[in-house]
Amino acid sequence: YQDVIGRLRPIIIELERQRRSILVISHLAVQRCLYAYFTGTPMEEIPYLNMDMHTVVELRPGAFDCQVRSENLWDTSPECPTPLR
């Protein structure tokens with residue numbers, strides 16, 4: 001994950017500069033790194049962060065913390081891997 005974090009540094013700088021909403025669609029490794037950065041999660045925990053697939057995660061960075069909200073877009077069950085909606 002250190003390699004991914006290194007490649008994300010310029011992107012993180014640009015994300016921090018933005019004053020409007022941004023949608024990032026990426027692989028789970030990138031999502032874990034971005035989530036960890038904005039929530040202050042220690043680097044050792046990044047590979048073990050539980051990030052659900054087919055879920056929109058809203059991060060709202062503030063002065064002292066980051067608000068997190070999740071919305072699952074695609075409910076599946078082990079018996080039926082197709083969408084339940």
Side-chain angles (χ1 to χ4, degrees):
Y1 282 86
Q2 289 180 347
D3 180 53
V4 175
I5 292 168
R7 288 184 279 146
L8 282 175
R9 279 200 169 102
I11 303 299
I12 290 170
I13 291 169
E14 288 301 317
L15 290 174
E16 287 185 324
R17 286 183 183 174
Q18 297 299 315
R19 297 292 172 228
R20 59 183 179 201
S21 297
I22 299 170
L23 176 65
V24 177
I25 301 172
S26 67
H27 290 280
L28 288 174
V30 172
Q31 290 177 23
R32 285 185 181 106
C33 292
L34 291 173
Y35 182 92
Y37 176 82
F38 285 105
T39 61
T41 302
M43 188 179 291
E44 302 81 35
E45 296 178 21
I46 294 174
Y48 309 106
L49 285 173
N50 185 19
M51 304 292 295
D52 295 328
M53 292 180 64
H54 312 295
T55 301
V56 174
V57 179
E58 178 183 9
L59 302 175
R60 290 182 158 235
F64 302 107
D65 65 348
C66 184
Q67 295 176 5
V68 179
R69 188 174 74 97
S70 297
E71 184 66 37
N72 191 339
L73 301 178
W74 190 315
D75 292 327
T76 60
S77 70
E79 299 83 30
C80 178
T82 57
L84 296 176
R85 290 187 178 184

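Every heavy atom of this structure was used, including side-chain atoms; hydrogens, water molecules and symmetry mates were not.
With a 4.5 Å cut-off on side-chain heavy atoms, Leu73 and Val56 count as touching.
Within the structure, the salt bridge (charged side-chain N to carboxylate O under 4.0 Å, His left out) test picks out the following pairs touching residues 56-68 (sequence neighbours left out): Glu58-Arg60, Glu58-Arg69. Pairs passing the salt bridge (charged side-chain N to carboxylate O under 4.0 Å, His left out) check and including a residue from residues 32-53, sequence neighbours excluded, do not occur. Sorted by first then second residue, the salt bridge (charged side-chain N to carboxylate O under 4.0 Å, His left out) pairs that include residues 5-17, not counting sequence neighbours, are Asp3-Arg7, Glu14-Arg17.
Members clustered with Ile25: Leu23, by chain and number, using a 4.5 Å side-chain heavy-atom cutoff among hydrophobic residues. Listed by chain and number, the hydrophobic cluster partners of Ile46 are Tyr1, Ile5, Met43, where partners are ILVMFWY side chains within reach of under 4.5 Å, directly or through others. Other residues sharing a hydrophobic cluster with Leu34 under the 4.5 Å side-chain heavy-atom criterion for ILVMFWY residues are Val4, Leu8, Ile11, Ile12, Leu15, Ile22, Val24, Leu28, Val30, Tyr35, Tyr37, Phe38, Leu49, Met51, Met53, Val57, Leu59, Val68.
Listed for the Gln67 side chain is no donor-acceptor partner under 3.5 Å among the backbone atoms of Pro61.
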